[in-house]
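For reference, the structure is listed below as structure tokens.
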There are 2 protein chains.
Amino acid sequence: MEDGTSPSLSYRGDTDDGYDVRQWDVREDCEVRQILDRIADKWSLLVIALLDQRSLRFTELRRQVDGISQRMLARTLRHLERDGLVSRTVHPSVPPRVDYALTPLGATLHETIRALVTWTETHQQEIAAARAAYDVRAAAEQRQADEEAAARTALARAVLERGGPGQAQDVAGRVPR
Amino acid sequence: MEDGTSPSLSYRGDTDDGYDVRQWDVREDCEVRQILDRIADKWSLLVIALLDQRSLRFTELRRQVDGISQRMLARTLRHLERDGLVSRTVHPSVPPRVDYALTPLGATLHETIRALVTWTETHQQEIAAARAAYDVRAAAEQRQADEEAAARTALARAVLERGGPGQAQDVAGRVPR
DNA sequence: CGGTATCCCCTAAGATACTG
DNA sequence: CAGTATCTTAGGGGATACCG
């Protein structure tokens, strides 16, 4: 069966401080969360985007997405169909032909998603810059930490060699912390 | 190190049919995909939503989200920080205090996400209905299949008992394809 | 063609313990 | 308090094989 819907999660956080922060946050564990998970999933978005252009058959989708396994495409499509986002039409012919199309509901979702993609495209540069800056900072801190560790090791060695901590005053001054 | 950025995925689908379907689809494998994955991730959304109200400390977030592990919160926050969506401020005091807040960039993202959440809330009913309908259909088809299987089994048994397929004409008429 | 069933691997994420 | 390090396990997802 492989289930398909996760077992609720439920992050209630019943903080009794009277302060009702969170507006839609609390309800996320019931419906919103699941739908978000669906559209956030690796393949759903691609399929929705592709179907927005025109309806497609199973194999056409398989080829267009390229990288998706038959299993995952079938799974994705069944999920989307179940949620009423995609319609499945079987043509009784030989060889069999099955068409998938976006439902009106699916189309409105695609519109909404577009906004998100647009946001991403708009701020792509800022994000890239932020990442670069972060990575530089992180690398610097790492180097710093390494140096301090090396200094501590040197101090320890010095202490051991000279036979006591009293003799290490001169080197201790140069060690951080 | 645990990496943090997935190894590119690359679903190119170089269909040389000249028909250039897909507008933003193709670019998804580079930047958009990653950012979408980030914001779509299980915890990021919650954290962003929470921080939109006011800045919070690590433990406050931990309590509010309730269900998140220390590990995942730390990870989520570092990701968000790296992407420039959340700022981290360390107050050099004892006990140590670290505040997390949404950056302006993070705030704009929160606005965009709101649209999605609104969509979900608006269409919640439709989706629930679609799921219910699907499940009913699926159950019906399952029952159908079971009955046919049972019929086939009965036919097979009848054939074996009577000693030949020629004797099974009467029952064969009642068995679906 | 359009799937489902099966096996199997690998990583994301929870639990736990330790550090500054 | 605010994390990091380490171990372990569930399940997401690919490969393969087979049905209608």
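Letters A, B, ... are given to chains in the order of the sequence lines, protein chains preceding strands, and every chain is numbered from 1.
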Please report, rounded to the nearest Å, how far the [atom2] atom of [N] is from the [atom1] atom of [X].
X      : N      : atom1 : atom2 : value
A:M72  : C:dG3  : CE    : C1'   : 15 Å
A:D41  : C:dA12 : CG    : P     : 16 Å
B:H79  : C:dA13 : NE2   : C1'   : 12 Å
B:E141 : C:dG2  : CD    : C1'   : 15 Å
A:F58  : C:dC1  : CZ    : C1'   : 10 Å
B:I68  : C:dA15 : CD1   : C1'   : 15 Å
B:L46  : C:dA13 : CG    : P     : 14 Å
B:L56  : D:dC1  : CG    : P     : 15 Å

Which is true for A:R62 with a 4.0 Å heavy-atom rule: it touches a base, it touches only sugar-phosphate, or it touches nothing?
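No contact.
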Determine, step by step, whether A:H91 and A:V98 satisfy the side chain to side chain contact (heavy atoms under 4.5 Å, CB included) criterion, reporting the C-alpha distance in whole Å, the side-chain angles of both residues, the deciding distance to 0.1 Å, and the verdict.
CA-CA 6 Å; A:H91 301 280; A:V98 179; over 6 Å; no
Between [X] and [N], does any side-chain N or O lie under 4.0 Å from OP1 or OP2?
X      : N     : value
B:R75  : D:dT4 : no
B:T59  : D:dA2 : yes
B:Y100 : D:dC1 : no

Taking for each residue the nucleotide of DNA chain C with the nearest heavy atom, is it A:D99 or B:P96 whose nucleotide lies nearer the 5' end?
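Looking at the nearest nucleotide for each, A:D99 comes out on the 5' side.
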Taking 4.0 angstrom as the limit, do A:R137 and B:E81 come out as a salt bridge?
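The answer is yes: the pair qualifies as a salt bridge.
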Pair B:D99 + B:R54: basic N to acidic O under 4.0 Å:
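Looking at B:R54 together with B:D99, the answer is no, because their closest N to O distance does not fall below 4.0 Å.
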Residue [X], side-chain heavy atoms: nucleotide from [options] that is nearest:
X     : options              : result
B:A74 : D:dG3, C:dA13, C:dT4 : D:dG3
A:R71 : D:dA17, C:dT6, D:dG3 : C:dT6
B:W43 : C:dG14, C:dG3, D:dA2 : C:dG14
A:R57 : D:dC1, C:dG2, C:dA15 : C:dG2
B:Q70 : C:dG2, D:dA2, C:dA13 : D:dA2
A:R88 : C:dG2, C:dT4, D:dA15 : C:dG2

Under the side chain to side chain contact (heavy atoms under 4.5 Å, CB included) rule, what do B:L46 and B:I68 come out as? Steps first, then yes or no, please.
CA-CA 10 Å; B:L46 273 302; B:I68 195 172; over 6 Å; no
Is a side-chain donor or acceptor of B:E121 paired with a backbone partner of B:T118 at a separation under 3.5 angstrom?
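No, because the side chain of B:E121 does not come within donor-acceptor range (under 3.5 Å) of the backbone of B:T118.
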